[in-house]
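Here's the structure we're looking at; comments come further down.
In what follows, chains are A, B, ... by sequence order, proteins preceding strands, each numbered from 1. Computation of the quantities below employed the complete heavy-atom set of this structure, encompassing side-chain atoms and omitting hydrogens, waters and symmetry-equivalent molecules. Treat the numbers as computed from the prediction; the structure is a model and nothing was measured.
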Number of protein chains: 2
Amino acid sequence: MITPSLPPSPIEVPEVKLFRALLMQVGLVRRVMTPYFRRFGISGAQWAVLRALARAHRDGLEGLKGSEIGDRLLIRPPSVTGVLDRLEREKLVQRLPSQADRRMKLVSLTTQGRELVEQLEAGHAGHIQQVFAGLSAQEQMELRTLIDKLNQHLTQLADQVEKSTS
Amino acid sequence: MITPSLPPSPIEVPEVKLFRALLMQVGLVRRVMTPYFRRFGISGAQWAVLRALARAHRDGLEGLKGSEIGDRLLIRPPSVTGVLDRLEREKLVQRLPSQADRRMKLVSLTTQGRELVEQLEAGHAGHIQQVFAGLSAQEQMELRTLIDKLNQHLTQLADQVEKSTS
DNA sequence: TCTACTTAGTTAGCGTACTAAGTATATAGG
DNA sequence: CCTATATACTTAGTACGCTAACTAAGTAGA
């Protein structure tokens, strides 16, 4: 006889609860940050790209290639193309063909893009501090240590997944 | 004279570094989990819904209404509609009109959906344990405590954002 | 040299998140 | 009773992530 009901709930290991807490965190951070970036007419992903380009600019580089942006942001090439398309449409970045390697395009901030970065940077630290205001400086340090350690492990795990898939 | 260059990089407060570590974590978890769910023909969001429905089923409920699902998963009504559309297409869930309140539809697992939940639950804990294998049991507990505390704060902050926007 | 492989970027198509706005039903206040 | 508000869900349109597949260009090996 086929039972139409589910068997009793499996024992919930602590890792699963931790994982759900982590997913909750992701959702909450999205809800807090998305409207914040919206005020500047951009998205979180767009800000991440603008910030990477600003850093490159300050390091004296002419620009970044798309693949470098993708590596830093942990997103795949098609996602980079999409975000750059929209940033270029808003005239915040430009894609200049490279003479050295004609396959790639060097992406850099426009004057308008640099102005927006400046404007955003003025209040950015303050807003991020609000996000973590629920934790003491000590707790923030502990969290940082744990996340870094977890990220190291996840990087390894992600590489394994990548290989086994391809 | 207008400077075409950016002013020097603002001082990077620890919170900003922590925030970037957190974003990194989000990207890495996505890269590890998405291929895992893919093996079962579903997505992470779909699993979250199936799991919520399984829990409701075990609690003896006929089903959940869409808004309850959205509340648990921290997603808005249109996202719930979309995920349910695809789950219904795959015959994993069903939307039954409620007689008590004709506005809502009670969402529940189909037999096929229950079978998939069972199948997935068999190996789920093991996979999640892999995700956190980079941390000791002690560290996992600490991380859990910190995330819970942060989530409490973020919930409050998200509510404020919601109110100020509307 | 010429083929094979690699790298850079794009396009196509899908799933999931959002806001804004619309429909239908329920409930409350005058 | 009947209008106003609130609730439940959907539709429309946008952004961002992915895989698969494609073009173009550089690189290496027979």
query: Could you give the CZ-to-C1' distance, from A:Phe37 to D:dC16, as a whole number of Å?
result: 14 Å
message: With a 4.0 Å limit, can you tell me whether A:Arg30 has a side-chain N or O closer than that to the phosphate oxygens OP1/OP2 of C:dA17?
response: no
- prompt: Which residue lies toward the 5' end of DNA chain C, A:Arg31 or A:Met104, if each is placed at its nearest nucleotide?
  reply: A:Met104
message: Under a 4.0 Å threshold between the charged nitrogen and the carboxylate oxygen, would B:Glu88 count as salt-bridged to B:Lys105?
response: no
- request: Give the rounded distance in Å between these two atoms: CD of B:Glu68 and C1' of D:dC9.
  value: 14 Å
- request: Indicate yes or no: does B:Arg55 engage B:Asp59 in a salt bridge with an N to O separation below 4.0 Å.
  value: no
field: Separation of atom CD in B:Glu88 from atom C1' in D:dC9, rounded to whole Å
entry: 13 Å
message: Quick one: does any side-chain atom of B:Thr110 pair with a main-chain N or O of B:Lys91 as donor and acceptor, under 3.5 Å?
response: yes
- request: Answer yes or no: are there more than 12 heavy-atom neighbours, outside B:Gln99 itself, under 6.0 Å from its atom CD?
  value: no
- prompt: Got a salt bridge between B:Arg58 and B:Glu121, using NZ or NE/NH1/NH2 to carboxylate O under 4.0 Å?
  reply: yes
- prompt: Any Lys/Arg nitrogen of B:Arg89 or B:Asp85 sitting under 4.0 Å from an Asp/Glu carboxylate oxygen of the other?
  reply: no
query: Using a cut-off of less than 4.0 Å, is there contact between a side-chain N or O of A:Thr34 and OP1 or OP2 of C:dA17?
result: no
Distances for protein N/O vs nucleotides 23-27 of chain D N/O pairs under 3.5 angstrom?
from   : atom 1 : to       : atom 2 : distance (Å)
D:dG26 : OP1    : A:Arg102 : N      : 3.1
D:dG26 : OP2    : A:Arg102 : NH2    : 3.4

field: Main-chain N/O of A:Leu28 paired to B:Asn151 side chain as donor or acceptor, under 3.5 Å
entry: no
field: A:Gln140 side chain to B:Leu18 backbone, donor-acceptor under 3.5 Å
entry: no
statement: Atom CG of B:Leu64 and atom P of D:dC9 are separated, to the nearest Å, by 10 Å
- prompt: Under 4.0 angstrom, heavy atoms only, what part of the nucleic acid is B:Leu87 near: base, sugar-phosphate, or nothing?
  reply: nothing
task: Using only side-chain N and O atoms of A:Arg38, determine if any of them is under 4.0 Å from OP1 or OP2 of C:dT19.
output: no
task: Keeping the roles fixed (side chain from A:Arg31, backbone from B:Leu74), state whether a donor-acceptor pair exists under 3.5 Å.
output: yes
N/O contacts under 3.5 Å, protein versus nucleotides 10-16 of chain C?
from   : atom 1 : to      : atom 2 : distance (Å)
C:dT10 : OP1    : A:Arg95 : NH1    : 2.8
C:dT10 : OP2    : A:Thr81 : OG1    : 2.7
C:dT10 : OP2    : A:Arg95 : NH1    : 3.3
C:dG15 : OP1    : B:Arg89 : NH2    : 3.0
C:dT16 : OP1    : B:Ser43 : OG     : 2.2
C:dT16 : OP1    : B:Gln46 : NE2    : 3.3
C:dT16 : OP2    : B:Arg86 : NE     : 2.1
C:dT16 : OP2    : B:Arg86 : NH2    : 2.8

message: Quick check on C:dG9: is either OP1 or OP2 less than 4.0 Å from any side-chain nitrogen or oxygen of A:Ser67?
response: yes
field: Length of the CZ-P vector between A:Arg76 and C:dT7, whole Å
entry: 15 Å
